[in-house]
Amino acid sequence: MERVSIIVPCYNEQETLTDYFKEISRVREQLSCMDCSLEVLFVDDGSTDGTLDMMRKMAEENVWIEYLSFTRNFGKEAAIYAGLTHVSGEWVGLMDVDLQDPPSLIPEMAAILREKEYDCVATRRVNRKGEPVIRSFFARAFYKIMRRVSEVEIVDGARDFRLMSRRYVDSLLTLKEYNRFSKGLFGWVGYKTRWLEYENVERAKGETKWSFFKLLMYSIDGIVAFSTAPVRFAAWLGLGFCLLAFFFILVIIVRTLVFGDPVAGWPSLVCIILLLAGIQLFCLGLLGEYLSKTYLEVKKRPIYLCRETSLEKDG
Ligand code: UDP
Ligand code: MG
């Protein structure tokens with residue numbers, strides 16, 4: 001009999017928890033017919049509403065439900081990491097609580113893992129129905145850039161919703177980095193992954209926790225975490241401008257020798273100075289991104305702090 005542990009990060013989700021509980025209870029029954037047991041670990045990511053109270057109550061009433069609560073909001077990535085370190089099932093699942101990840105797929109995922117050919121069954125949305133157009137546009141652009149600049153494969157439309165084997169999870173946990181970009185880490189560890197596709201489902205209740213700006217920052221984090229291409233780009237850009245400068249020096253020398261030295265060109269000089277200063281600052285900024293990430297990394301601060309949990313031992 002296999003044990004399936006599902007990790008569910010929650011941040012201010014009092015509206016969706018009850019519906020999720022109903023759905024996952026149904027899935028638990030289906031799984032028991034397949035000779036699998038199911039347990040759920042809710043990770044409360046510093047919610048400020050009634051989420052934690054609801055989790056406490058659910059954990060009291062159901063032995064198969066556990067929860068873990070952070071001291072403040074550490075972000076979904078931290079919640080995922082905390083979940084992974086605390087669950088012990090042979091198969092480990094990861095999903096959102098807002099029912100955008102259909103729980104009904106879990107039995108199918110478990111059946112695939114049971115055949116032992118794949119170590120991970122992941123999901124991707126085939127469309128972005130119901131999502132704002134601008135958001136979809138930037139999301140697509142991000143995946144396109146990412147595919148070009150990073151060696152790790154990041155699939156367009158991939159969700160965090162997935163079921164993983166124990167060894168896959170253990171491999172994920174060997175990556176101890178502070179700046180966690182799970183979409184990249186999943187690809188980095190390798191193994192064979194089977195992709196299931198489904199149509200985009202809109203959030204059941206409540207609101208998305210991701211503003212456009214938060215998503216933009218997240219995508220920059222992703223690029224910095226999985227590619228050094230921007231810094232290399234800065235170096236090439238610098239080289240290009242050096243070559244251009246040499247060319248113009250030659251032009252000016254020849255022109256002065258042939259036509260003498262008329263003092264002119266103030267506007268063009270201003271343009272050149274502004275352009276170069278802009279490019280230099282931009283490249284400094286790029287370097288700064290990498291440096292700041294390194295700074296956070298060497299401080300070795302914990303990824304999350306746990307305030308309260310229903311699990312006996314806290315790791
Ligand atoms: N979430 C979290 N911490 C955060 C933001 C979100 O744990 O700081 C959880 C949230 O409760 C949900 C999941 O991550 O279960 C996905 O969030 P959301 O539905 O807001 O994102 P979207 O589906 O719009 O990308
Ligand atoms: Mg959602």
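These numbers come from a predicted model, not from an experiment. Order of listing sets the numbers, starting from 1, for every ligand and every atom in it.
- Residues Tyr168 and Asp119 share a closest heavy-atom pair of CB-O, 3.8 Å.
- Across Thr48, Asp53, Asp49, a single residue satisfies side-chain hydrogen bond (donor to acceptor under 3.5 Å, both in side chains) together with Thr51, and that is Asp49.
- The stretch residues 218-243 participates, sequence neighbours left out, in these ring-ring contact (aromatic ring centres under 6.0 Å, His included) pairs: Phe181-Tyr218, Trp210-Tyr218.
- Under the rule for a ring-ring contact (aromatic ring centres under 6.0 Å, His included), the partners of Phe138 that lie at least two apart in sequence or sit in another chain are Phe212.
- The contact shell of ligand 1, taken as protein residues with any non-hydrogen atom closer than 4.0 angstrom, comprises Pro9, Cys10, Tyr11, Glu13, Asp45, Asn73, Gly75, Lys76, Asp96, Val97, Asp98, Gln100, Arg135, Arg203, Thr208, Lys209, Trp210.
- Between the side chain of Ser227 and the main chain of Val224, no donor-acceptor pair closer than 3.5 Å is present.
- Protein N/O/S atoms found under 2.8 Å from the Mg ion (ligand 2): Asp98 OD2, Gln100 OE1.
- The closest side-chain donor-acceptor pair between Ser5 and Glu39 falls under 3.5 angstrom.
- With contacts defined as side-chain heavy-atom distances shorter than 4.5 Å, the pair Leu215/Arg135 qualifies.
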Q: Check the pair Phe70 / Asp44 against side chain to side chain contact (heavy atoms under 4.5 Å, CB included), numbers first and verdict last.
A: CA-CA 6 Å; Phe70 287 175; Asp44 164 40; over 6 Å; no
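- Using a 3.5 Å distance cut-off with no hydrogens or angles, the side chains of Glu308 and Ser69 do not pair a donor with an acceptor.
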